[in-house]
Amino acid sequence: MDYSISENILKDFYIPNYILLPESEVRDASHMPASPVLVFINSRSGGQLGGELLCTYRVLLNKNQVFDLDKEAPDKVLHQFYFNIEKLKHSGDILASEIQNRLRIIVAGGDGTANWLLGVVSDLKLPRPPPIATVPLGTGNNLPFSFGWGKKNPGSDRQSVESFLDQVRTAREMKIDSWHITLRMRPPEEGSCDPELVLPHSLHAFHHVYPTEKLSMEGSHTFQGGFWNYFSMGMDAQVSYAFHSERKLHPEKFKNQLVNQSIYAKLACKQGSFWTSMCYPSSWNIAKLTKVRIMKKQGQWEELPIPYSIRSIICLNLPSFSGGLNPWGMPRRNALRNRDFTPSFVDDGVIEVVGFRDAWHGLCLYAPRGHGTRLAQGSHFWHDSHRIVDLLQQDNVKRICFEFHKSKAAANHVFMRIDGEPWKQPLPVDDDDDTNPVVVEISHLGQVSVLATPHCRSRSITESSSLITHLDMEEDSSDTEEPDMPRKFGAADTFRMPENHFMP
């Protein structure tokens, strides 16, 4: 790329200091940026790559519009940014108004980092939320891969960064569903806290007294969060947990993406994912661990039968899991016609529920038309006996609930994962715990905007010939919300946009 051409292009992303820093002197802008960006980089991601990217972006752009997530929280950054914008708009600053309208966000990190930014932007309830582009700096990189940004770690040199910025400038906006998750569990006894219980960053403590008996469990702790790609439990989350634990103990081993993927594969073999009948006790089968229910209408739950052989269950929003594989696949014509299955869309308010028996079952995803055991989607459920049970009668699945009660035949813990962040969840083990089961509830909660390249793998229902009947998003969201039950992702609890602060 010619240097002079490059300099002209970079002006399209530049944000001047007086927009970013409240104490800076206001100056007349000579150029209106076409695609102003705020860049958030996890400097700990990708080995040394995160730190190198941070340096390159700060050289190419205004260093004050590039932020290290290891040092600055995105909600505080955006709070200050939009506070300055509103103040300047009130004084008649045209550039501030245009930057707000044209703003795009770049986040560089793994899927967990992208989840963090998506949660923050969702929680801020901005008049025009900026769309987000994701730089793949993690191991799996399912989020960036879904929208055409690739799954391999990018270069950190000037030319690579300029190429990425140019893609951001021409990328199209795309809406994706946001899924809210609530985890309720009995708190550990005083002084007996399990050191292995480290919840992911995407789950936040939430203190609220619920008005209904169903939601109020005395003595329970409640955590809320969100996901945009998947929630999973079982065998796959166990391997992910082993990988993250090993990385915490020996970070020097995890030098780059290729090494990380090799370690991940070795751990999958070591954990016995290919020999579940010998290495996994039957008490770890999903059907023994939990009761799964799905709400078809407000207050009406239907039990979802889980085949006994399933050892991993995935609630999937995007067509990318475990490094770019699609567990739902593309239903054949007979499935579309006879079973009323549909292809997966990222903005239809429907989540796909898929099960796997073992890693051998997972390998079928590499085959054309390969998929896992489709358990539920939209209005139908799939039984292990290959019989369709029409439970929802064209109603979209609105909520999914997993309940873990005390059982002598079940395990005392289960591994769970949200968008690449795993944890080891304790389960009830004595009689007292049975009155306070562990409950995980998933429900639709709005949408967020992302940026997609021409190589985007995700499908939007608004861009497709409609294959399914879907409900209006706003109507669906308001219909499923409990009275006096505020739902948010908790990623931006410190953010408070002053209402009408600068209005005359």
Side-chain angles (χ1 to χ4, degrees), residues 13 15 33-42 45 50 53-54 57 61 65-69 72-79 81-82 85 99-138 140-151 154 161 164-179 201-202 225-230 317-318 320 346-347 418-420 445-458 460 488-489 491-492 495:
F13 308 100
I15 299 178
S35 301
V37 295
L38 293 177
V39 184
F40 296 90
I41 299 175
N42 186 344
S45 293
L53 270 180
L54 189 69
Y57 272 98
L61 304 174
Q65 71 185 99
V66 182
F67 305 93
D68 183 355
L69 288 171
E72 298 178 272
D75 54 323
K76 294 181 179 179
V77 170
L78 291 174
H79 179 202
F81 176 80
Y82 280 99
I85 287 284
I99 284 180
Q100 181 180 20
N101 292 334
R102 303 179 185 188
L103 182 68
R104 299 187 163 198
I105 287 179
I106 296 173
V107 54
D111 287 337
T113 303
N115 176 297
W116 186 13
L117 261 293
L118 289 167
V120 166
V121 171
S122 297
D123 277 346
L124 300 191
K125 308 296 183 186
L126 298 169
R128 188 192 180 284
I132 298 173
T134 51
V135 182
L137 282 190
N141 298 316
N142 293 293
L143 273 162
F145 185 63
S146 295
F147 300 102
W149 300 104
K151 56 183 177 180
V161 171
F164 188 89
L165 284 169
D166 192 49
Q167 290 185 76
V168 170
R169 182 167 58 89
T170 58
R172 62 185 174 93
E173 271 193 59
M174 191 173 184
K175 295 285 187 181
I176 64 171
D177 292 320
S178 302
W179 293 91
H201 295 96
S202 52
F227 66 92
W228 287 263
N229 190 4
Y230 65 86
N317 187 43
L318 304 181
S320 181
V346 298
D347 56 351
I418 296 177
D419 284 358
L445 185 59
Q447 294 182 327
V448 68
S449 295
V450 297
L451 290 171
T453 77
H455 304 292
C456 175
R457 293 167 53 90
S458 298
S460 169
K488 58 181 179 178
F489 303 110
F495 183 92

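All values reported here derive from a predicted model rather than from experimental measurement. In this chain, residues are counted from 1 in sequence order.
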- Message: For a quick test of reading the model, state the closest non-hydrogen atom pair linking Val346 to Asn317 and the distance between them.
- Response: CG1-O, 3.8 Å

- Given side chains that start at C-beta, do those of Val450 and Leu118 come closer than 4.5 Å, heavy atoms only? yes

- Task: Go through the structure and list residues passing ring pair (Phe, Tyr, Trp, His ring centres under 6.0 Å) with Phe67, not counting sequence neighbours.
- Result: Phe40

- Query: Atom OG of Ser146 and atom NZ of Lys151: how far apart are they, to the nearest 0.5 Å?
  - Reply: 10.5 Å

- If you take all heavy atoms of Val121 and Pro129, which pair is closest and at what distance? CG1-CB, 3.9 Å

- Query: Counting N and O atoms only, with roles assigned by atom type, does the side chain of Asp419 sit under 3.5 Å from a partner on the main chain of Phe227, one being a donor and the other an acceptor?
  - Reply: no

- After noting the C-alpha distance and the side-chain angles of Phe145 and Leu318, does the key distance pass the side-chain contact (heavy atoms from CB on, under 4.5 Å) rule? CA-CA 10 Å; Phe145 185 63; Leu318 304 181; over 6 Å; no

- Message: Could you tell me if the side chain of Val135 sits less than 4.5 Å from the side chain of Pro144, heavy atoms only?
- Response: no

- Query: Would Met174 and Ser458 count as a side-chain contact (heavy atoms from CB on, under 4.5 Å) if you check the C-alpha gap in whole Å, the side-chain angles of each, and the deciding distance to 0.1 Å?
  - Reply: CA-CA 10 Å; Met174 191 173 184; Ser458 298; 4.0 Å; yes

- If you measure from CD1 on Ile85 to CG on Leu78, what distance do you get to the nearest 0.5 Å? 11.0 Å

- How far does CG of Leu38 sit from CD1 of Ile106, to the nearest 0.5 angstrom? 9.5 Å

- Task: State whether the side chain of Asn141 and the backbone N or O of Gly138 hold a donor-acceptor pair below 3.5 Å, judged by distance alone.
- Result: yes

- Query: Checking side-chain contact (heavy atoms from CB on, under 4.5 Å) for the pair Ile418/Tyr230: CA distance, chi angles, key distance, verdict?
  - Reply: CA-CA 6 Å; Ile418 296 177; Tyr230 65 86; over 6 Å; no

- Query: Is the shortest heavy-atom distance from the side chain of Val168 to the side chain of Ser35 under 4.5 Å?
  - Reply: no

- For Glu72, enumerate each residue passing the salt bridge (charged side-chain N to carboxylate O under 4.0 Å, His left out) test, keeping only those at least two apart in sequence or located in another chain. none

- Between Gln447 and Asp347, which heavy-atom pair has the shortest distance, and what is it? NE2-O, 3.3 Å

- Item | Beyond-backbone contact of Leu451 with Glu173, side-chain heavy atoms, under 4.5 angstrom | yes

- Would you please name every residue forming a side-chain contact (heavy atoms from CB on, under 4.5 Å) with Ser178, sequence neighbours left out? Ser122, Trp228, Val448, Phe489

- Message: Using every non-hydrogen atom in the two residues, find where Leu137 and Gly50 come nearest and quote the distance to one decimal.
- Response: CD1-CA, 4.0 Å

- Message: Please report the interatomic distance CG(Leu54) to CD1(Ile41), rounded to the nearest 0.5 Å.
- Response: 5.0 Å

- Query: Mind checking what makes ring pair (Phe, Tyr, Trp, His ring centres under 6.0 Å) contact with Phe164, not counting sequence neighbours?
  - Reply: Trp149

- If we only count heavy atoms from C-beta on, is the Ile105 to Val37 side-chain gap below 4.5 Å? no

- Task: For Gln65 and Phe13, work out which heavy atoms get closest and say how close.
- Result: NE2-O, 2.9 Å

- Evaluate the side-chain proximity of Trp179 to Leu445: yes if any heavy-atom separation is below 4.5 Å, no if none is. no

- Locate the shortest heavy-atom distance separating Thr453 from Gln167; write the atom from each residue and the value. CG2-OE1, 3.9 Å

- Note on the structure: By side chain to side chain donor-acceptor pair (under 3.5 Å), Asn101 pairs with (sequence neighbours left out) none

- Query: About how many Å separate CG of Asn42 and CG of Leu69, when rounded to the nearest 0.5 Å?
  - Reply: 6.0 Å

- Residue pairs passing the salt bridge (Lys or Arg N to Asp or Glu O under 4.0 Å) test with at least one member in residues 99-117, sequence neighbours excluded, are Glu98-Arg102

- How far does CD1 of Ile132 sit from OG of Ser449, to the nearest 0.5 angstrom? 8.5 Å

